[in-house]
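For reference, the structure discussed in these notes is given below.
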Amino acid sequence: MEQRIDAKGLACPKPVILAKKAMDACGRNDVVLITVDNEMAVENLRKLAASQGAEYASEKLGEKEYSVRITVTGENENKTQTEIPVTCSIPAADNTVVVISSREMGNGDGVLGKILMKGFIYALTQLLKLPKTVLLYNGGAYLSCEDSESLEDLRKLDGEGVEILTCGTCLNHYGITEKLAVGRVTNMYEIVEKQADAGKIIRP
């Protein structure tokens, strides 16, 4: 038997709860196929499968679409007593601060540098442990403003609790203060303070 569950758009921990209920109704070698829209749900389903002694496989189907296949390998006699392992938020790293001072990553070709920076900021959103703070100053101030190609990714980080701080002097210098679209304005004292207190500093 195969059961399909479309859990895209469902808040944590509902995808795992639905999967667990489906598994409880399964017999040996039955399959539960769950479609979700984030990696945290994929990881929670992996933990669920492991806790039940079930076989697990996952596949990324596209942007924000993942398929998880759980095969029940035996009858769980303690189904109702088994705790469901769920993590509903991405843990932040121990005071890791990301410092971005340019719209480009590295030296050399400017077009390539912008592509690399966009990829770098996207990669931050995929970390299992997110940074605590992202500091943006000098040319990096453009990244948190309207029309930035990285705006969606910075908003995602902001939504996960990461501080997005942009230098106010830099925004004013470039004439883009009114275009700030994510996070808040900071000053040089706070920029120094955040870096002085950081457990780790990452610079692209």
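Below, each value reflects all heavy atoms present in this structure, side chains not excepted, and no hydrogens, waters or symmetry copies.
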Measure across A11 and P15 and return the closest heavy-atom pair with its distance rounded to 0.1 Å. O-CD, 3.4 Å

Could you see if [X] belongs to whatever hydrophobic cluster contains [Y]? Use Ile, Leu, Val, Met, Phe, Trp, Tyr and a side-chain cutoff under 4.5 Å.
X	Y	answer
Y122	V182	no
L48	V42	yes
I176	V134	no
Y137	V185	no
I100	Y174	no

Just to verify, what does E2 make a side-chain hydrogen bond (donor to acceptor under 3.5 Å, both in side chains) with, not counting sequence neighbours? R4

Residues that T186 engages under side-chain hydrogen bond (donor to acceptor under 3.5 Å, both in side chains), provided they are two or more places apart: E190

Enumerate, atom names and distances included, each donor-acceptor pair closer than 3.5 Å involving a side-chain atom of residues 162-173, sequence neighbours excluded.
residue, atom, partner, partner atom, Å
E163, OE1, T133, OG1, 2.7
E163, OE1, K194, NZ, 2.9
E163, OE2, K194, NZ, 3.2
T166, OG1, S144, OG, 2.7

Do [X] and [Y] have side-chain heavy atoms sitting under 4.5 Å apart?
X	Y	result
L135	V97	yes
V99	Q195	yes
K200	N95	no
L33	V68	no

Apply the test side-chain contact (heavy atoms from CB on, under 4.5 Å) to residues T71 and D30: give CA-CA distance (whole Å), side-chain angles for both, the deciding distance (0.1 Å), then the verdict. CA-CA 6 Å; T71 304; D30 286 346; over 6 Å; no

Between CG on residue L151 and CD1 on residue I121, distance to nearest 0.5 Å: 10.0 Å

For a salt bridge (charged side-chain N to carboxylate O under 4.0 Å, His left out) check, start with the C-alpha distance between R46 and E43, then their side-chain angles and the critical distance, and finish with the verdict. CA-CA 5 Å; R46 183 195 66 77; E43 176 62 15; 2.6 Å; yes

